Amino acid sequence: MKRREFITLLGGAAAWPLAARAQQPAMPVVGFISGRSPSDSEALATAFRRGLTETGFIEGRNVAIEYRWAEYHNERLPAMVADLVRLKVAVIASIGGTPVPLR
């Protein structure tokens, strides 16, 4: 093997771990939507994160959570859901008793 071929082979082998890391799947994103305010939903959001952690999903480590708060303006809910759908979240979790009409 010639020196130039050896250096090319060595460079390719060094770059392989970087390419392998770049091909890893993106972190899943969960949408969390509430008709309430963040402060009024704090206990429920904490319980939600705890439940995710118990099943192996840790926010910021292997799952991202996109939060949406309607602040008691239920007319905002359909647009907020549409926003999460546009983001292509894996799942949408909703708290509260008000159904969200989908259009």
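Model, not experiment: these values are computed from the prediction.
- Side-chain contact between V30 and F48: present, with at least one pair of heavy atoms (C-beta onward) separated by less than 4.5 Å.
- Distance alone, capped at 3.5 Å, places no donor-acceptor pair between the D83 side chain and the A79 backbone.
- Residues forming a side-chain contact (heavy atoms from CB on, under 4.5 Å) with V89 (at least two apart in sequence, or on another chain): V29, L84, L87, I92.
- The two residues L77 and A70 come nearest to each other via the heavy atoms CD2-CB, 3.7 Å.
- Cluster membership check: Y67 does not share its hydrophobic cluster with I58, using side-chain heavy-atom separations under 4.5 Å among Ile, Leu, Val, Met, Phe, Trp and Tyr.
- Of the possible polar contacts, one joining the T55 side chain to the L52 backbone as a donor-acceptor pair under 3.5 Å is found.
- With rounding to the nearest 0.5 Å, the separation of CD in E71 from OG in S39 is 7.5 Å.
- One finds the CD atom of E59 at 8.5 Å from the OG1 atom of T53 (value rounded to the nearest 0.5 Å).
- The CD atom of E75 sits 10.5 Å away from atom CE of M80, with the distance rounded to the nearest 0.5 Å.
- With hydrogens and angles ignored, the 3.5 Å screen pairs no side-chain donor or acceptor of S41 with any backbone N or O of L44.
- Considering only heavy atoms from C-beta on, Y72 comes within 4.5 Å of D40 through its side chain.
- For T46, the side-chain contact (heavy atoms from CB on, under 4.5 Å) partners two or more places apart in sequence, or in a different chain, are E42, R49, R50.
- Residues S34 and W69 are in side-chain contact: their nearest non-hydrogen atoms beyond the backbone lie under 4.5 Å apart.
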